[in-house]
2 protein chains.
Amino acid sequence: MKPIRLIAFTMLATLALALSAQAADPLPSWNDGPAKQAIVEFVSATTDKSSPKFVPPEARIATFDQDGTTWVSHPIYTQAMFALDRVGVLAPQHPEWKEQEPFKAVLTGDREAMAKFTEQDWERIVAATHAGMSTEAFLEIVKQWLATAKHPRFKRPYTELVYQPMLEVMDYLRANGFKTYIVTGGGQEFVRVYSERVYGIPPEQVVGSSIATKYEYQNGKPVLMREPKVFFIDDNAGKAIGINLFIGKRPYAAFGNSGGDREMLEWTQAGDGPRLMMLVLHDDAKREYAYGPAGGLPDTKVGTFSQALMDEAKKSGWVVISMKYDWRRIFAFEQ
Amino acid sequence: MKPIRLIAFTMLATLALALSAQAADPLPSWNDGPAKQAIVEFVSATTDKSSPKFVPPEARIATFDQDGTTWVSHPIYTQAMFALDRVGVLAPQHPEWKEQEPFKAVLTGDREAMAKFTEQDWERIVAATHAGMSTEAFLEIVKQWLATAKHPRFKRPYTELVYQPMLEVMDYLRANGFKTYIVTGGGQEFVRVYSERVYGIPPEQVVGSSIATKYEYQNGKPVLMREPKVFFIDDNAGKAIGINLFIGKRPYAAFGNSGGDREMLEWTQAGDGPRLMMLVLHDDAKREYAYGPAGGLPDTKVGTFSQALMDEAKKSGWVVISMKYDWRRIFAFEQ
């Protein structure tokens, strides 16, 4: 080879190598740092047959909380937004709501009153908006709502407000033989409407809270009617219980962001062998939100990242993901 | 080719074809007949892209009842046998049982009294034998029992008393992209102990009845304690509810054998497109048992194949599998 051609060849080869290394990064929306490193090391070790940390494919289970872990959950949970919108839609059929709390507050847009809603207030709203219809009718209503509703700040459909770095983690885990699950305090049926499209997770791998259903006949055909009665709350200890009930295997990796995920992470860690426990810290008021130990919103409710959770994370070796520092890009629509 | 060689070649070719046809039969333990034909036609149509009955792979769900459908359930359910054995094992710790029903009847082997046990009697036995331990401890107890317990008539471990023709149907469906589930009125955790080994069905694809569990700490480690409290009964309407809850997709094929499977079959059939509903009829007293419309045992309880179920099967086009005529071989250990 002539020298000039050799140089050109070497340059091209170097470029090709650099490009292929870039293409091979399974987590391009992550900045280098301890969080990204923990994920890569976990996947490498658990899939390397020569590693003492090797995990057989059938045991590779990874669970993801949803609200605040895989998509935006502020100013309120997306499903709460759905419920409030439904109160407006259903109001003409319920003239009594004009004088009846908690519906009155919703209909008059009284944000102060809504911020003080008790568990019972929310239960009444859920009963009024999530029950009294067949499972199929409910799925259709959710589908329609998701197609039109937009987030008040980002002005985009809620299903676009998923965290690109977490989608990459899911893809990366699946490419390495892990079965990925959503394990959410939110409604199981609600999430199942879009889980495949948005997360690549099929309905049967969504574990969540549910209300009771009743088997009935309508025009000779069986339907499952949604009843205004809580069946299972998949939050806090319910997440460990739900994982055992629906999956029957202990996760090797679990991702959360709040006190509601504590038991899921503890349950994951209590297994033998290599386990990865991660918590998303919302510390990026500019690109998303800052709350919990990172300041911003008050920290009194379960569902937020309390200082006690941060302390347990430190003590237990759980990896905290800083949205601000660990995520190069938060949403797919960012350039 | 010389005539003699041509003849030899033709003979060999014919033999090869015959052998390959035999090797290709996915259901060798089935006799030719309407039941086998229904299965083969269903699989061919749903997996043929040019057929109007084509079903996309992600929708291919098949559900199997267990007791009486995939394994022997006489003289009593295997899990009831387990519970009775456990009463004996635990008796030394419960001297009061000697004078206390229903335990007294179990300990004295009073078959007449046991045959008359009410739902409440069984609930007390289940509470005493299935609760008060961690989920892990329970799985270990079941595993140990299955390794040693034998069926009173067949003198073999219960896990050998699975129906070979049904195992072939499961394999055949899976080879054609179907996801197979056990949907049992029996205990979900009980079946999960052996589902992978016996049916090739992983724990997360076992839907069954369950008791409540409680998240607790023991020596600083979380455990799920089994409580003496029913959480979910996956039988009758509960099967349709359980399928929706755990799978979130409607089956295309469902297999049962008793009144407890009626709603599962109805729910399956109520979907659009091609659906296969099958019921195992126990009409082979010689090789297994004959009961229900085929005579033998009394027909008063849910859990048996009543005349009403037979009538619904005929009216609805559900396919009845005759163990006697449709199954060439019932157990793998038969020659």
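Everything numeric in this text was worked out from a predicted model, so none of it was measured. Numbered from 1 within each chain, the chains take letters A, B, ... in sequence-line order. Side chains included, hydrogens not; waters and symmetry mates left out as well; all remaining heavy atoms used.
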> Pick from B:E263, B:Q188, B:K221: which one has the most heavy-atom pairs with chain A under 4.5 Å?
Replying inline: B:E263

>> Heavy-atom pairs under 4.5 Å with chain A: which of B:P222, B:A237, B:G208 has the most?
In response: B:P222

>> Please rank A:E189, A:R192, A:K179 by heavy-atom pairs under 4.5 Å with chain B and give me the top one.
In response: A:R192

Let me know if [X] has heavy atoms under 4.5 Å from chain A in its side chain, its backbone, both or neither.
X: B:E216; value: neither
X: B:T213; value: both
X: B:P202; value: side chain
X: B:V223; value: backbone

> Who are the side chain to side chain contact (heavy atoms under 4.5 Å, CB included) partners of A:V198, not counting sequence neighbours?
Replying inline: A:T159, A:V162, A:Y194

> Once the angle between the rings of A:F231 and B:F232 is folded into 0 to 90°, is it parallel (under 30°), tilted (30 to 60°) or perpendicular (over 60°)?
Replying inline: perpendicular

> At what distance, to the nearest 0.5 angstrom, does CD of A:E58 lie from CD of B:E196?
Replying inline: 7.0 Å

>> Sub-4.5 Å heavy-atom contacts with chain A: which residues of residues 241-251 of chain B show up?
In response: B:I241, B:N244, B:L245, B:F246, B:I247, B:G248, B:K249, B:R250

>> At under 4.5 Å between heavy atoms, what parts of residues 266-278 of chain A are in contact with chain B? List them by residue number.
In response: A:E266, A:W267, A:A270

> In chain order, what residues pass the side-chain hydrogen bond (donor to acceptor under 3.5 Å, both in side chains) check against A:D65, with sequence neighbours excluded?
Replying inline: A:T69, A:K239

> Which atoms of A:Q205 come close to chain B, meaning under 4.5 Å heavy atom to heavy atom: side chain ones, backbone ones, both, or neither?
Replying inline: side chain

